[in-house]
Amino acid sequence: MSRPVRLLYLSFAFPPGMQALFPALNAAGNGFETRMVNALRQHFAVRSAGILPLLPPPVTGPVDPASGVPHEAILLEKKPELLHRYRSLAQLKAHYRRWVAEGWMPEVVFTYCFSPIYNNFIRWLSRQNPRPRLVLFLGDGPHLGENMSAWRRFRYRFKPLTILDEDMLRYYDACVGASPLVAKYFVPRKVPFFLMPGAVSPHRARREPGRAEVTGPIRFGYFGSLAPYTGVVEMLQKFLALPLPNPIHVCGHGKLTETIAELARANPRLHFHGLLPTPEDCLDWAVTNCDVMVNPRPPSHGNENTFPSKLFEYGLTGRAILASRLSGVESVLGPEAFYFDPADLAGDFAAQVRLVSALPRTELRRRGVAIQAGLLARYDWSSQSAALASFLKGLLPGGGGG
């Protein structure tokens, strides 16, 4: 019997139990990475390293193993940044050398996005002989493809541990991308590319129990990061400017928390619920408070290089979805969702809000259930991880035999 292929995963996920203690940190990313790694364990012998903003607290009792990734190496990324980056890079190299000396050399190194520590480790690893296949998971690339002056580019060459995103691309043997738009950086160079926008865990799907029918205006909702890249403030301003009775409910955390709280104090149609403890609470909150979930992701901040994992969470609620057309969302959510041009909030977004708010709840529920069923059928973690594993193993000599 052949041994399983060894995979080293370079991560930003928390260890199990840590997210519950720091719910405002990395909530969406931690859940996505944890579910992806747990699914990949069905196909690989996995070890992982994690970059954290603080040391994990000591474990004082049983924790849910599905709440994080049990890393073999924990690296710190905090102030003073340069000191901790150099230290973490040295620690990661030492871990790798020890694993290889013990007889555990990975066949695949799978790296989650760009970062100074992992970038420099990958560049070092690319010079080793023998070396594993180096694969990038490009789930976020805010600086990839941005216009940069020659002077700024020149200065970046001399910043310690700094490597431009576009310069990192040549070190990878393959890419797994969350957005179809990033294929242009790899396919023309004949670098293997696999599209994997995300997935859902069927047991997390909310199937609403029977209850008294809600009355009144259609209720819109948003949960997730409250940061500039999400476009949430601009969306709320346009929504609240419409002469409609419809309320919108928001929960989340981020730099724009106080801005949204002020908007809520000034307008009774906006209900701000703050930060909820867990992702599961967000799903239940949406079922209770919303008829339509809104994702206003704008065409800026490198959003074309990623796929909003929030949409998979929205799909689990069984609610209708109104989303901006970006990063291939239509191919994932299908024809039952509503879409708008993210560059035209005053026109197209406003028109879609008027359209949706005039529909009966029965039609919105039907659409929400259809979206959920489509995601469960085509994007569950079991099938997505099997396809991803096949792609990764196919990069190896002989297709990944042990």
Side-chain angles (χ1 to χ4, degrees), residues 142 145-147 179-181 216-273 286 289-311 313-315 319-361 363-364 367-368 371:
E146 72 176 353
N147 293 322
S179 166
L181 301 182
I218 297 301
R219 306 161 303 168
F220 292 75
Y222 172 95
F223 67 72
S225 176
L226 307 181
Y229 76 88
T230 66
V232 62
V233 167
E234 293 80 3
M235 179 273 291
L236 289 174
Q237 290 170 338
K238 295 300 182 184
F239 183 93
L240 295 173
L242 293 172
L244 297 172
N246 304 83
I248 184 164
H249 294 257
V250 174
C251 72
H253 177 81
K255 294 181 179 179
L256 301 176
T257 295
E258 185 52 37
T259 300
I260 293 174
E262 289 179 5
L263 282 174
R265 288 192 288 267
N267 195 310
R269 290 171 56 211
L270 172 56
H271 304 268
F272 183 48
H273 301 253
N289 294 283
C290 309
D291 299 299
V292 184
M293 305 306 300
V294 183
N295 182 55
R297 193 70 65 101
S300 60
H301 300 81
N303 284 334
E304 70 277 6
N305 296 326
T306 186
F307 188 92
S309 60
K310 180 191 296 94
L311 289 178
E313 295 292 290
Y314 283 5
R319 290 312 189 224
I321 298 176
L322 172 60
S324 63
R325 292 188 186 91
L326 199 67
S327 303
V329 298
E330 293 133 308
S331 65
V332 174
L333 297 182
E336 300 293 359
F338 301 93
Y339 303 99
F340 64 91
D341 180 353
D344 188 16
L345 289 180
D348 198 19
F349 171 71
Q352 290 299 310
V353 170
R354 292 190 184 95
L355 169 67
V356 173
S357 64
L359 293 175
R361 277 191 171 86
E363 171 62 10
L364 296 178
R367 286 174 175 261
I371 293 170

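Source: prediction; values computed, not measured. Residue numbers start at 1 and run along the sequence shown.
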Peer 1: Please name the pair of heavy atoms, one in N289 and one in H249, separated by the smallest distance, quoted to 0.1 Å.
Peer 2: O-CD2, 3.5 Å
Peer 1: Nearest 0.5 Å, please: how far is CD in Q237 from CD1 in I260?
Peer 2: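 One gets 10.0 Å once the value is rounded to the nearest 0.5 Å.
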Peer 1: Say you draw a straight line from OH of Y229 to CG of L256; how long is it, rounded to the nearest 0.5 Å?
Peer 2: 10.5 Å
Peer 1: State, to 0.1 Å, how close A323 and L333 come at their nearest heavy-atom pair, and which atoms those are.
Peer 2: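 Nearest heavy atoms, A323 then L333: CB-CD1, 4.4 Å.
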Peer 1: How far apart are the closest heavy atoms of R325 and D341, and which atoms are they?
Peer 2: NH1-N, 3.5 Å
Peer 1: Would F239 and L244 count as a side chain to side chain contact (heavy atoms under 4.5 Å, CB included) if you check the C-alpha gap in whole Å, the side-chain angles of each, and the deciding distance to 0.1 Å?
Peer 2: CA-CA 9 Å; F239 183 93; L244 297 172; 6.0 Å; no
Peer 1: Starting at CG of L226, measure out to NE2 of H253 and round the result to the nearest 0.5 Å.
Peer 2: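 If we round to the nearest 0.5 Å, L226:CG and H253:NE2 are 8.0 Å apart.
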Peer 1: Does any part of the side chain of R297, heavy atoms only, come nearer than 4.5 Å to the side chain of L311, both counted from C-beta?
Peer 2: no
Peer 1: In chain order, what residues pass the side-chain hydrogen bond (donor to acceptor under 3.5 Å, both in side chains) check against H271, with sequence neighbours excluded?
Peer 2: none
Peer 1: Under a 4.0 Å threshold between the charged nitrogen and the carboxylate oxygen, would E234 count as salt-bridged to K238?
Peer 2: no
Peer 1: List the steps, then state whether side chain to side chain contact (heavy atoms under 4.5 Å, CB included) holds for F272 with L263.
Peer 2: CA-CA 9 Å; F272 183 48; L263 282 174; over 6 Å; no
Peer 1: CG/L326 to CG/N303 distance, rounded to the nearest 0.5 angstrom?
Peer 2: 6.0 Å
Peer 1: Look at the side chain of Y314 and the backbone N and O of Y222, then say whether any donor-acceptor pair between them is shorter than 3.5 Å.
Peer 2: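 Not at all, since once roles are kept as given, no pair shorter than 3.5 Å links the two residues.
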Peer 1: Y339 and D348: which non-hydrogen atoms are nearest, and at how many Å?
Peer 2: O-OD2, 4.5 Å
Peer 1: Quick check: closest heavy atoms across L240 and R269, and the distance to 0.1 Å?
Peer 2: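 Looks like O-NH1, 3.1 Å.
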Peer 1: Which heavy atom of V250 sits nearest to which heavy atom of L236, and what is that distance?
Peer 2: CG2-CD2, 3.9 Å
Peer 1: Are any side-chain N or O atoms of S357 and backbone N or O atoms of V353, one a donor and one an acceptor, separated by less than 3.5 Å?
Peer 2: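 Yes, the answer is positive, given that a donor and an acceptor are paired below the 3.5 Å cut-off.
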Peer 1: Does any part of the side chain of V329, heavy atoms only, come nearer than 4.5 Å to the side chain of S324, both counted from C-beta?
Peer 2: no
